[in-house]
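Reading through the structure tokens given below for one structure.
All values below come from the heavy atoms of this structure, side chains included, with hydrogens, waters and symmetry mates left out. Naming: A, B, ... by sequence-line order, numbering from 1 per chain.
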Protein chains: 2
Amino acid sequence: MAIRLTDVANEAGVSLATASRVLNGSARKPAEEISLRVRAAAEKLGYFPNAQAQALARSSTKLVGLVVHDIADPYFSSIARGVQRGLDASGIQLLLTSTGAEHDREIAAVRAFMSHRTDAIIISGTRRLSGDQELMELLESYQGNGGQVAMIGQTFPATGGIQVDNAGTASDLAGELLKAGHRRFVVLAGNPNLVTAKHRADGFVSKLERSGVPVEEVLHGAFSREGGYLVMSDYLRGYQSTENTGPVCVFCVSDVMALGAIRAIREHGLRIPDDIAIAGFDDIPTLIDVTPSVSTARLPLEEMGRMAGEMVLAHSDSKLLVVSGTPVLRESTESR
Amino acid sequence: MAIRLTDVANEAGVSLATASRVLNGSARKPAEEISLRVRAAAEKLGYFPNAQAQALARSSTKLVGLVVHDIADPYFSSIARGVQRGLDASGIQLLLTSTGAEHDREIAAVRAFMSHRTDAIIISGTRRLSGDQELMELLESYQGNGGQVAMIGQTFPATGGIQVDNAGTASDLAGELLKAGHRRFVVLAGNPNLVTAKHRADGFVSKLERSGVPVEEVLHGAFSREGGYLVMSDYLRGYQSTENTGPVCVFCVSDVMALGAIRAIREHGLRIPDDIAIAGFDDIPTLIDVTPSVSTARLPLEEMGRMAGEMVLAHSDSKLLVVSGTPVLRESTESR
DNA sequence: ACTATCGTGGAAAGCGCATTCCCAATTCCT
DNA sequence: AGGAATTGGGAATGCGCTTTCCACGATAGT
């Protein structure tokens, strides 16, 4: 069907071995004159190396797999963009899978990547408090076979990657909110089985406790826009901001949840931040177009993706990078 | 390094051929008892088929390539999610490349996909008025070798895909805006060399002309948030909404541009829609969190991606689907 | 001048799997 | 009961490429 290297070799009147040597990065460089002949032949015939065959013969596929929950979620798409950037120069292709946060599909994705013998696997999704056993074993066996693994957000002890200091960052954010004058807090903690959500909530809560301003309520729900919306709607049914205490400040463990919550607040006819203040986590790019501007803890999402990409390229034994977020207070938590 | 099919065959005490037959969808089904033995061996050894080798032996890679401008752009990430959905059931993997809208990288991406012998290539990016020759030839040769091609948005005559009726949709939107009472129009037309941008602008402009309400200005710039911001900022320097004519209605040829423009309007201290009205195109999911809600022409982005995915799976000779957008007027163009 | 090095191109052996033949064992038909 | 038709497993070939390993001529060394 397509042009093979053999055809090019014939056309150029050289052996297969020689053709391979000139067209691909071999250590041995054939003579200039021969090189030109081969290159000319390849050009003339429109030769494209068969990456599958190359992968089989060498033992590297030049493929890396990325698994995310949902590529249309700005959190993940920012990371994906970063990973692309990190891989860009090296001519490596990205195999992408959105799992919809379903555990089974996550595992299936990793299996598929293993089948495709990707040189590395990058996983950006939230680890669970329990039930990650199978995934972990899979990844360890993958690593045992020479595969690189980097996780973004939460890492496994054995795999390494980019670890976010969720608790510390949430704690910092709580501190800033206190400084800003807030004294009433509620947290939308998302799914308590996701370690990311849990660490963020816990970090926030314990900082406030240490400061003598315990949170009023910790509400659980889905770790999504929908979850933020529903839980917030529910909460608002009994909500009152009293004159003397001022508005409650709601901390959502992700910006996406915060956006859902904001929608709920609006529908309830309340004003932000006058009647209720709100803060998120991540600083997804979407926030730039939201009014009022929403307070959050900024994570260098794209950068994190890039680092993960570069990390797996480096082939160094799995490192662990810890990144912290920085609180950024905006209009949504302004107190008057 | 990893377990091979041969190992499984040995473990099960059968031939390589038999092992292959039971573990992969072969026409010939070995006896039940043998099948069980092989499956048990595979399980025990932790066998993963080598997709590269399979691809070489069969002649299909179970890979499809998707090229977009920027995966972090909600327009493209919506489409990407749709494509994933469309491919989901079939166990096909997605090879993703963001090109940053650079022509060279677009071509490089297609080349890479061809090298990887992807079964199909889906391209979602804006065609140019000129300079697409090379890409087109590449795709035709790819098709000649049995590859499926689907383009999303703008298609090449030879390739097929999901064609958006940009002109017609823009025209409809203009019609609605007229009905809503607007009489002064400006269009931020983006990059005039992108056929998508051009068709949208042209469709809008000509509808208004036919209606006897010619647009006041057509402004060009980058087809991006930045572009919308800059061009709008520039325009606003000389802007006045007079009492008798009411505010100008600015049509941006994409939502992303509209968001940039809105930022500019805000910074300029003007209110939407009181001082200036604005409409976009695409209805990207991001809009849901923007206030005031912005008018636009809704495109079923995710659906388009899904259709493209299913189209290339169908292996039918490249079809062409035309989709139209539907105008949806929201707060940003409310006239009082 | 003769042997000990290089430097270079070619032949051939895989990489891991699908698949076409081929052959032995059954089953079927008359 | 005997041969034909059928079933089911195994040996071998090839997918397109990389990479030893060889052979050969050119160069250098003493």
Side-chain angles (χ1 to χ4, degrees), chain A residues 1-39 41-42 45-63 112 114-119 145-147, chain B residues 1-39 41-42 45-63 112 114-119 145-147:
Chain A
M1 169 170 104
I3 308 295
R4 294 158 307 159
L5 186 53
T6 308
D7 303 325
V8 176
N10 287 342
E11 174 78 20
V14 301
S15 79
L16 178 59
T18 304
S20 169
R21 287 196 265 256
V22 8
L23 291 181
N24 311 56
S26 167
R28 288 180 50 176
K29 295 289 171 198
E32 182 68 10
E33 181 238 356
I34 291 209
S35 282
L36 286 172
R37 273 221 317 273
V38 174
R39 254 181 264 281
L45 265 37
Y47 170 71
F48 279 80
N50 184 322
Q52 314 294 328
Q54 290 189 144
L56 195 56
R58 306 172 166 157
S59 266
S60 146
T61 53
K62 298 286 189 184
L63 247 35
M114 288 175 73
S115 232
H116 278 279
R117 300 294 190 269
T118 56
D119 294 341
N145 285 337
Chain B
M1 166 168 108
I3 307 296
R4 294 158 305 160
L5 186 53
T6 308
D7 304 326
V8 176
N10 287 342
E11 173 79 18
V14 300
S15 79
L16 177 60
T18 303
S20 170
R21 288 196 265 255
V22 8
L23 292 181
N24 313 57
S26 168
R28 289 180 51 175
K29 295 288 171 197
E32 182 68 9
E33 181 238 355
I34 292 212
S35 283
L36 286 173
R37 273 222 316 275
V38 174
R39 254 181 263 282
L45 266 38
Y47 170 72
F48 280 80
N50 183 321
Q52 316 293 328
Q54 290 189 147
L56 197 55
R58 305 174 163 153
S59 265
S60 147
T61 53
K62 297 286 188 184
L63 247 35
M114 288 175 73
S115 232
H116 278 278
R117 301 294 192 268
T118 56
D119 294 342
N145 284 336

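Note: Glu11(A) CD to Thr6(A) OG1 = 13.0 Å, rounded to the nearest 0.5 Å. The line from NZ of Lys29(B) to CZ of Arg21(B) is 11.5 Å long, rounded to the nearest 0.5 Å. Between Leu56(A) atom CG and Gln54(A) atom CD the span is 11.0 Å, to the nearest 0.5 Å. Interatomic distance, OG1 of Thr61(B) versus NE2 of His116(B), reported as 10.0 Å (0.5 Å rounding). Taking CD1 of Ile3(B) as the start and CG of Leu45(B) as the end, the distance is 4.5 Å to the nearest 0.5 Å. Ser115(B) contributes atom OG, which lies 9.5 Å from atom CD of Gln52(A) (distance to the nearest 0.5 angstrom).
Contact annotation: Asn24(B) reaches the phosphate of dA18(C) (side-chain N/O to OP1 or OP2, under 4.0 Å). Neither OP1 nor OP2 of dC17(D) sits under 4.0 Å from any side-chain N or O of Gln54(A). Side-chain N/O atoms of Ser20(B) include one lying less than 4.0 angstrom from OP1 or OP2 on dA18(C).
Following rounding to the nearest Å, Leu56(B) (CG) and dT18(D) (C1') show an atom-to-atom distance of 13 Å. Atom P of nucleotide dG16(C) and atom NE2 of His116(A) are separated by 17 Å, given to the nearest angstrom. In this entry the distance linking CG of Asn50(B) with C1' of dG14(C) reads 14 Å, nearest Å. If you take CZ of Arg58(B) and C1' of dT19(C), they are 11 Å apart, rounded to a whole angstrom. Following rounding to the nearest Å, Lys62(A) (NZ) and dT18(D) (P) show an atom-to-atom distance of 12 Å. For the pair Arg117(B) CZ and dC17(C) P, the computed distance is 21 Å after rounding to whole Å. In this structure, Ile3(B) atom CD1 and dC15(C) atom C1' are separated by 16 Å, rounded to whole Å. The CG-P distance, from Leu36(A) to dG9(C), rounds to 13 Å in whole Å.
For Leu5(B) against Leu23(B), the heavy-atom pair with the smallest separation is CD1-CD1, 3.7 Å.
Comparing dG16(D), dC17(C), dC17(D) by their nearest atom to the side chain of Arg4(B) picks out dC17(C).
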I'd like a table of atom pairs between the protein and nucleotides 9-13 of chain D - only N or O on both sides, under 3.5 Å - with the distance next to each one.
from, atom 1, to, atom 2, distance (Å)
dG9(D), OP1, Ala31(B), N, 3.3
dG9(D), N7, Arg28(B), NH2, 2.1
dG9(D), O6, Arg28(B), NH1, 2.8
dG9(D), O6, Arg28(B), NH2, 3.0
dG10(D), OP2, Ser15(B), N, 2.9
dG10(D), OP2, Ser15(B), OG, 3.1
dG10(D), OP2, Thr18(B), OG1, 2.7
dG10(D), N7, Arg21(B), NH2, 2.8
dG10(D), O6, Arg21(B), NH1, 3.4
dG10(D), O6, Arg21(B), NH2, 3.1

